[in-house]
Amino acid sequence: MSNQHDERSIRIEKIKSIKESGINPYKDRCDTTHNLEKAGKLEPGTKDVELCGRLMLKRVFGKLIFASLKDFSGRLQIALNIKDMEQERFKFFQKMIDIGDFVYVKGEIFRTEKGELTLRVFDYKLLSKAINPLPEKFHGLIDLESRSRQRYLDLIMNTETQERFIKRIKILKVLRNFLDENGFLEVETPVLQAKPSGAMAKPFKTHHNSLDIDLFLRIAPETYLKRCIAGGFERVYEFARCFRNEGMDPSHIQEFTLLEFYCAYWNYRDNMLFTQKFIKHIIKEVNGSLEIEYKDKKIDFSSDWPEYTFRELIIEHTGIDLECCESKDDLLEEIKKRNIELEEVDVDKIGRGNLIDQLYKKVARPKMINPQFLIQHPIDLSPLARKNDDNPSVADRFQLVVNSWEIVNAYSELIDPVEQRERLVRQAEARKKGDEEAMIMEEDFIQCMEYGMPPISGWGMGIDRFIALLTNQENLREVVLFPLMRPDNSAENT
RNA sequence: GGGCCGUUAGCUCAGCUGGUAGAGCAGCAGACUCUUAAUCUGCGGGUCGAAGGUUCGAUCCCUUCACGGCUCACCA
């Protein structure tokens, strides 16, 4: 792989020769007077400007060199004129400083004949030498796999990548601020759990050596956050990194961030009102406008978001009235009558609630672009949610659907310990029958509930999806700095 | 997990019906004092993802494998 013509070897040779001349090519620090963005706003004629950054471009014209520096704030052109320094220094820059190296430069701001604001360099210093060449200056790094595996290159080469991650940070901050301002306290709950609960999902399994027990990575923070409420906290939230051992595709990653909050004495209706205020505030802060552009669509958050029950949506899209099909078999018959294909759904294994959910996902959800609330979920899909007082087959629950994605899932929490036990027992039975995603019986959580819990409404949001929505991305890997990828072993054998 | 597609120089990409590979950028040597993907001359750089198979001959056809992308299913 390496020979004398290989760029990497050439650069290593350069380092050797730099070191032999008594210069350390890896400095420990650097002072500057401006970052590059601020330097780019200085008046021509400003003297003694000290800058540093990574060299991104170098154009040599014999006795004049144009180059481009990049730092976190931006880019600025620099120019070296052979008249402005000892010839040896000029030659050194020409021969020994490569694209990708970090340099310090000192000089005066001026405007080139072509009008570009530029630093005229009188003095410079090599701060750190790179040995691998950067990707090509015009196309940069394009391939999603390379960009994900070598995110640092993606960040260097594609300014929109850096902007996207800065936007992610801002969104998290705005979410956090809003919750803080509304009296919520940020808490931290365990990632390693003996019984992964709070969602219907397959967990990652690991092992604790000294306790000699299997542990699981959390699939949701829900039951721990509710323990906090039982313990007297009234409003808590957590940005919870969660892990689900399921298939990967553009809208699912193994490790994702779930924001959950819990508020004592609220029901799901209170929470719907809050949600609308909350999300509108975030979008306004981050985006400036309540109408966002997403791919070829416009998504409008500005109006009052409509709410639909499962029943209404399914009547609208299929003509089937859930109230007229009390049993799963009745519903199945109606589905068949209308030639609606639920391909690959194993209708024998799933219950009525799940069948309704599948039907909704097939016929209604793909058409739900603008924000809307979905309410009255089948109770057997919501083992931790409160049963509706008027209709015991549905839960006091809502989802916010945007762009066919379930962005928010929230409900009035079930706080009746006897009923909670029964519901979890039923889940445990389903689990025994082979439903890997049925919820786990968590005795400790029920015991907590038996000591008494106030009325609670809980709320959860898939942060990565929300960010993808606000950054116009279709693949969640674009909004996670270092998404999980299968290790690439080919490079390790060299 | 299934289906479809992809993997060629450091990067971005060509490569015809099978005759063992090209360009641009980057690099090296040289010219050049205003470039904006600078230009000009010359040069070097490849296990064509991997392993088998068919063939006189494979980047190309076949099989298997690896990695990825899209998609279906599960899910947020």
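Order of the sequence lines sets the chain letters (A, B, ...), proteins ahead of strands, with each chain counted from 1. Bear in mind the structure is a predicted one, so any value in this text is a computation, not a measurement.
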Margin query: I'd like the P distance from G49(B) over to U7(B), given in whole Å.
Written below: 7 Å
Checking G10(B), C67(B), G69(B) against the side chain of P133(A) (C-beta onward), the nearest is G10(B)
R149(A) CZ to G49(B) P, in whole Å, measures 16 Å
- Task: Describe the nucleic acid contact of R120(A) in one word from base, sugar-phosphate, nothing, applying a heavy-atom distance below 4.0 Å.
- Result: nothing
Legend entry - Salt-bridge present (E160(A), R164(A); N to O < 4.0 Å): no
Below 4.0 angstrom, N of the basic side chain to O of the carboxylate: do D380(A) and R426(A) qualify? no
Which of G27(B), U33(B), G68(B) is nearest the side chain of E7(A)? It is G27(B)
Closest to the side chain of L64(A), out of C34(B), U12(B), C32(B), is C34(B)
Of the candidates U33(B), C74(B), C67(B), the side chain of E246(A) sits closest to C74(B)
Review point. Between K58(A) and U36(B), does any side-chain N or O lie under 4.0 Å from OP1 or OP2?
Key: no
K83(A) has its side chain closest, among U36(B), U33(B), G68(B), to U33(B)
Comparing nearest nucleotides in RNA chain B, the 5'-proximal residue of the pair L57(A), Q94(A) is Q94(A)
Next item on the list: Could you tell me whether D84(A) and R120(A) have a side-chain N and a carboxylate O separated by less than 4.0 Å?
Entry: yes
Between N475(A) and C70(B), is there a contact of a side-chain N or O with OP1 or OP2 at under 4.0 Å?
yes
Side-chain atoms of I10(A) come closest, of U12(B), C34(B), G27(B), to G27(B)
Rounded to whole Å, the CZ-P distance (F66(A) to U39(B)) equals 15 Å
Using atom P in both nucleotides, what's the gap between C43(B) and C25(B) to the nearest angstrom? 15 Å
Taking Watson-Crick and G-U wobble contacts under 3.5 angstrom, with | marking pairs to another strand and [ ] crossing pairs, the secondary structure of RNA chain B is written (((((((..((((.....[..)))).(((((.......))))).....(((((..]....))))))))))))....
Discussion item. Any base atoms under 4.0 Å from L258(A), or only sugar-phosphate, or nothing? Heavy atoms, all strands.
Written reply: nothing
*Does a side-chain N-to-carboxylate-O contact under 4.0 Å join E37(A) and K41(A)?*
yes
With rounding to the closest Å, how many angstrom separate the P atoms on U20(B) and A58(B)? 11 Å
**R147(A)/D143(A) ion pair, N-O < 4.0 Å** = no
ask   = Is a salt bridge present between E255(A) and R244(A), judged by a nitrogen-to-oxygen distance below 4.0 Å?
value = no
ask   = Any chance the side chains of Y411(A) and E413(A) put a donor and an acceptor closer than 3.5 Å?
value = no
Salt-bridge contact R168(A)-E478(A) (side-chain N to carboxylate O under 4.0 Å):
no
To the nearest angstrom, the CZ-P distance between R11(A) and C28(B) comes to 8 Å
To the nearest angstrom, the CD1-C1' distance between I78(A) and U36(B) comes to 15 Å
Winner on side-chain proximity to T112(A), out of C28(B), U36(B), U71(B), is U36(B)
Salt bridge check: are R111(A) and E116(A) linked by an N-O gap of less than 4.0 Å?
-> no
How far, in whole Å, is U12(B) from A37(B) if one measures between their C1' atoms? 12 Å
R8(A) CZ to C28(B) C1', in whole Å, measures 18 Å
Rounded to whole Å, the CD-P distance (Q254(A) to G1(B)) equals 12 Å
(Q) Roughly how many Å apart are A9(B) and C5(B), using the P atom of each and rounding to a whole number? (A) 22 Å
When rounded to whole Å, the CZ to C1' distance for the pair R486(A) and G49(B) reads 15 Å
### Query
With no angle test and no hydrogens, is the base of C11(B) tied to the side chain of D143(A) by a donor-acceptor pair under 3.5 Å?
no
- request: Using the C1' atoms only, state how far G24(B) lies from G15(B), rounded to an integer number of Å.
  value: 15 Å
When all nucleic acid strands are considered with a 4.0 Å heavy-atom cut-off, which category describes N81(A): base, sugar-phosphate, or nothing?
base
Q358(A) side chain N/O closer than 4.0 Å to the phosphate oxygens (OP1, OP2) of A73(B)? no
**Prompt:** Quick one: is A29(B) close enough that its OP1 or OP2 comes under 4.0 Å of any side-chain N or O from K95(A)?
**Reply:** yes
**Prompt:** Checking all strands, does N409(A) fall into the base, sugar-phosphate, or nothing category for heavy-atom contacts under 4.0 angstrom?
**Reply:** nothing
Result for 5'-nearest mapping on RNA chain B, choosing between L141(A) and Q77(A), is L141(A)
Check your understanding: Looking across every strand, which nucleic acid part, if any, lies under 4.0 Å from I407(A) by heavy atom: base, sugar-phosphate, or nothing?
Key -> nothing
Is there a donor in the side chain of R338(A) and an acceptor in the side chain of T318(A), or the other way round, less than 3.5 Å apart?
-> no
task = Classify the nucleic acid contact of G140(A) as base, sugar-phosphate or nothing, counting any heavy atom under 4.0 Å across all strands shown.
result = sugar-phosphate
| query | Below 4.0 angstrom, N of the basic side chain to O of the carboxylate: do K167(A) and E163(A) qualify? | reply | no
Taken to the nearest whole Å, CG/D154(A) to C1'/G10(B) is 17 Å
In short, A364(A) meets H317(A) closest at the heavy-atom pair CB-ND1, 3.5 Å
* Asked: In terms of side-chain geometry, is the basic nitrogen of D98(A) or K129(A) positioned less than 4.0 Å from the acidic oxygen of its partner?
  -> yes
Rounding to an integer number of angstrom, what distance separates G44(B) and G10(B) when you compare their C1' atoms?
14 Å
>> Classify G462(A) by what it touches in the nucleic acid, base, sugar-phosphate, or nothing, heavy-atom distance under 4.0 Å.
In response: nothing
Out of G68(B), U36(B), A26(B), minimum distance to the side chain of M485(A) belongs to G68(B)
Problem - Whole-angstrom distance between U47(B) and U41(B), as gauged at atom P - result: 29 Å
Within the structure, does a side-chain N or O atom of K202(A) lie under 4.0 Å from either OP1 or OP2 of G1(B)? no
Give every pair of a protein N or O atom and an N or O atom of nucleotides 22-25 of chain B that lie under 3.5 Å apart, one pair per line with the distance.
{"from": "C25(B)", "atom 1": "O3'", "to": "K137(A)", "atom 2": "NZ", "distance (Å)": "3.3"}

* To do: Give a yes/no answer on whether the side chain of R477(A) brings an N or O atom under 4.0 Å of OP1 or OP2 in G69(B).
  => yes
